[in-house]
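See below for the structure under consideration.
The analysis underlying the following values was restricted to heavy atoms, covering all of them including side chains, and did not include hydrogens, waters or symmetry mates. Numbers restart at 1 for each chain; the letters A, B, ... are given by sequence-line order, proteins then strands. Predicted model only: the values in this text are computed from it and were never measured.
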Amino acid sequence: MEQKNSYEKIYDIVKQIPRGTVATYGQVAALAGNKRWARVVGYALHVNPDPEGIPCYRVVNREGRVSEAFAFGGENRQIGLLEADGIEVKDGCVDLSKYQWRKEIF
DNA sequence: AACGTGACTACGG
DNA sequence: ACCGTAGCCACGT
């Protein structure tokens, strides 16, 4: 018995985010099936059962701002990982215009 | 079963 | 342009 498609789908989307790219909650939610899942996406990442397989640090809000209540390691950890991916982070902000994943399809 | 909360987004004033 | 409120979905108490 599997958990459920909802969260699994969200995790699958996040896992598919290519290196050096970021995605917004709304985008992940839209790709998962419903844009209104933005909050659910946040919760799904909050429970983050596999932080090593699910790069939740590549998921940012609509502003391109990273989460304040980041879970595994701290926000500083997320910024470090993003920079390691080749993403420029400014005060916890990412330039979505340059790094947002497949924003074209949006 | 119902209310409240939350890593969100969008619209209105 | 900024701040406040509304909408949506899932989970915990």
Side-chain angles (χ1 to χ4, degrees):
Chain A
M1 308 283 264
E2 69 294 337
Q3 302 326 41
K4 253 319 87 225
N5 345 359
S6 325
Y7 281 29
E8 225 178 82
K9 213 162 201 169
I10 295 169
Y11 298 139
D12 190 47
I13 302 295
V14 178
K15 285 182 190 173
Q16 285 173 53
I17 300 176
R19 177 178 167 285
T21 322
V22 299
T24 65
Y25 291 99
Q27 174 149 22
V28 174
L31 292 169
N34 292 316
K35 230 193 269 192
R36 306 293 159 31
W37 278 16
R39 288 176 116 147
V40 183
V41 171
Y43 200 85
L45 293 176
H46 178 67
V47 294
N48 200 356
D50 188 3
E52 295 188 19
I54 305 169
C56 36
Y57 63 86
R58 280 186 190 148
V59 184
V60 295
N61 64 7
R62 247 308 240 148
E63 275 184 276
R65 190 98 179 183
V66 303
S67 212
E68 299 176 7
F70 206 59
F72 64 78
E75 56 184 279
N76 195 21
R77 168 82 173 184
Q78 179 174 23
I79 295 172
L81 290 164
L82 287 170
E83 292 185 318
D85 274 3
I87 300 172
E88 187 176 20
V89 183
K90 279 292 195 196
D91 188 41
C93 286
V94 180
D95 199 336
L96 292 176
S97 307
K98 300 175 78 173
Y99 299 112
Q100 186 171 28
W101 176 49
R102 309 211 310 177
K103 64 179 214 165
E104 326 300 23
I105 67 176
F106 217 30

* **Value in whole Å for how far the C1' atom of B:dT9 lies from CZ of A:R36** => 9 Å
* Structure fact -> Tested for side-chain contact (heavy atoms from CB on, under 4.5 Å) against A:V22, the lone hit among A:V59, A:I17, A:L96 is A:L96
* Structure fact -> With the side chain defined as heavy atoms from C-beta on, A:T24 is closest, among C:dC9, B:dA7, B:dT9, to B:dT9
* Structure fact -> Result for 5'-nearest mapping on DNA chain B, choosing between A:V40 and A:G26, is A:V40
* **Nearest listed nucleotide, side chain of A:N61, among C:dC8, B:dA7, B:dT9** => B:dT9
* To do: Measure the distance from CG on A:N34 to C1' on B:dT9 and round it to the nearest whole Å.
  => 14 Å
* In whole Å, what is the span from the CZ atom of A:R39 to the C1' atom of C:dC8? -> 7 Å
* Asked: Shortest non-hydrogen contact from A:K15 to A:P55?
  -> CA-CD, 4.3 Å
Donor-acceptor contacts under 3.5 Å from residues 80-92 of chain A side chains, at least two apart:
unit_1 : atom_1 : unit_2 : atom_2 : d
A:D85  : OD2    : A:Y57  : OH     : 3.4
A:D85  : OD2    : A:R58  : NE     : 2.7
A:D85  : OD2    : A:R58  : NH2    : 2.6

* Asked: Out of C:dC11, B:dG6, B:dT9, which has the shortest distance to the side chain of A:Y7?
  -> C:dC11
* To do: Please confirm whether the backbone N or O of A:E63 pairs with a side-chain atom of A:N61, one donor and one acceptor, at under 3.5 Å?
  => yes
* Asked: Which class fits the ring pair A:Y11 and A:Y7: parallel under 30°, tilted 30 to 60°, perpendicular over 60°?
  -> perpendicular
* Select base, sugar-phosphate, or nothing to describe what A:Y43 touches, counting heavy atoms under 4.0 Å on all strands. => sugar-phosphate
* Could you check which of B:dA7, C:dG7, B:dT9 has an atom nearest any side-chain atom of A:N48? => B:dA7
Show the distances under 3.5 angstrom between N or O atoms of the protein and N or O atoms of nucleotides 10-13 of chain B.
unit_1 : atom_1 : unit_2 : atom_2 : d
B:dA10 : OP2    : A:R62  : NE     : 3.2

* Asked: Tell me: NZ of A:K9 to C1' of C:dA10, nearest whole Å?
  -> 17 Å
* To do: Measure the distance from CD1 on A:I13 to C1' on B:dC8 and round it to the nearest whole Å.
  => 17 Å
* Check whether any side-chain N or O of A:D50 sits under 3.5 Å from a backbone N or O of A:I54 as a donor-acceptor pair, and report yes or no. => no
* Asked: Please give, in whole Å, the distance from C:dA10 C1' to A:H46 NE2?
  -> 12 Å
* Asked: Roughly how many Å is it from CG in A:L96 to C1' in B:dT9, rounded to a whole number?
  -> 14 Å
With a 3.5 Å cut-off and sequence neighbours excluded, list the donor-acceptor pairs that the side chains of residues 97-105 of chain A form with protein atoms.
unit_1 : atom_1 : unit_2 : atom_2 : d
A:Q100 : NE2    : A:Q27  : OE1    : 3.3

